[in-house]
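Take a look at the structure below.
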Amino acid sequence: MKLSRRELLTTGVVGGAAIVAGLASNPALAGVEDTGLIGVPKAKNKKAVLNVASQEGRIPGKDLPEKLAKMEKWGLSGIEIGGGGLEKRVPEIKSALANSKIKMSAICAGFEGALMSDDADVRKKCVDSMKVILEAAGEIGASGLIYVPAFNGQTKLDHIEGRKVLLDQLPELCEFAQKAGTLMLLEPLNRKETWYVRLVADAASICRDVNHPAACVMGDFYHMYIEETSDMGAFISGGDMLRHVHLASIKRNLPGQDERDFTNGFKGLKMLGYQGFCSFECGCVGDPEVEIPKSVKFLQAQWKKA
Ligand code: MG
């Protein structure tokens, strides 16, 4: 059957309305409510929260307990840790977190090779090393493992071959992550770092095709400033797959250290009822002991304004 453009438009509208109506009546979706945007449910009665976190390396201090104590004092609520050698740090991290109000957020990379490499051995090395990190991530209660399929220069595959290779491997990795109690967090970067996944919507589209509850995405305000047309639109396109956010200014320093505005993106997070962490992945101009608490206050003001 061939439909005219007019018929397509009509059925499209009816189809959209049916999806919205389905959201309200589907018992499997009890606990979520319609945001007014097709396909973007949000947790019922869950008002979005600004949970500021930081990568471990950004915080000054001689060891993890000292860093966590400072973070608590400065109004942060989560820590992000690098994935390299994570399995050897499980007892240390668990005991430090047990004595702190700071919660574990995501694990940043740290695996070997590249998931989207054109070399099967390199892909295998990547999957194997990711599994070691995912096990450890689950043990310490991390929300997910942040990964980039391939940095520029790490693959000879094009868009079509690259996506195929990713879709061949991600279902197994997502299943592994879910069993370990964590998620796979696909991070889009700007074109200078990876040509392959640049928009939150690109990442969300890949995860939609993976179709696994552990296939999730994140957004990084630094890359988003370079690539996205709308921070709010980008986050909304991630929908309930959006589980982590990186924070940085235009020059990749602490938020508030240049003119980067976060209110448009924060509006998107509020629309989603976002419950995840927003984590510093950035440099710092000046003394971090002074600048980090200042940046937390700046973000809280931006959140209020959004
Ligand atoms: Mg990032």
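Counting starts at 1 for both ligands and their atoms, following the listed order. Quick caveat: nothing in here was measured; it's all calculated off a predicted structure.
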(message) Hydrophobic cluster membership, with links at side-chain heavy-atom distances under 4.5 Å among I/L/V/M/F/W/Y: are Val210 and Leu145 in one?
(response) yes
(request) Using side chain to side chain donor-acceptor pair (under 3.5 Å) as the criterion, list what pairs up with Lys103, not counting sequence neighbours. (result) none
(request) Everything protein-side that's N, O or S and under 2.8 Å from the Mg ion (ligand 1): list it, residue and atom. (result) Glu187 OE2, Asp220 OD2, His246 ND1, Glu281 OE1
(message) Below 30° counts as parallel, above 60° as perpendicular, anything between as tilted: where do the rings of Phe221 and Phe235 land?
(response) perpendicular
(request) Might you point out which heavy atoms bring Ile102 and Met71 nearest each other, and give the distance in Å? (result) CD1-CB, 3.8 Å
(message) For Asp128, run the salt bridge (Lys or Arg N to Asp or Glu O under 4.0 Å) check against Lys125, Lys131, Lys124 and tell me which one passes.
(response) Lys124
(request) State yes or no: do Met218 and Phe266 share one hydrophobic cluster built from I, L, V, M, F, W and Y residues joined by side-chain heavy-atom distances below 4.5 Å, directly or via other members? (result) no
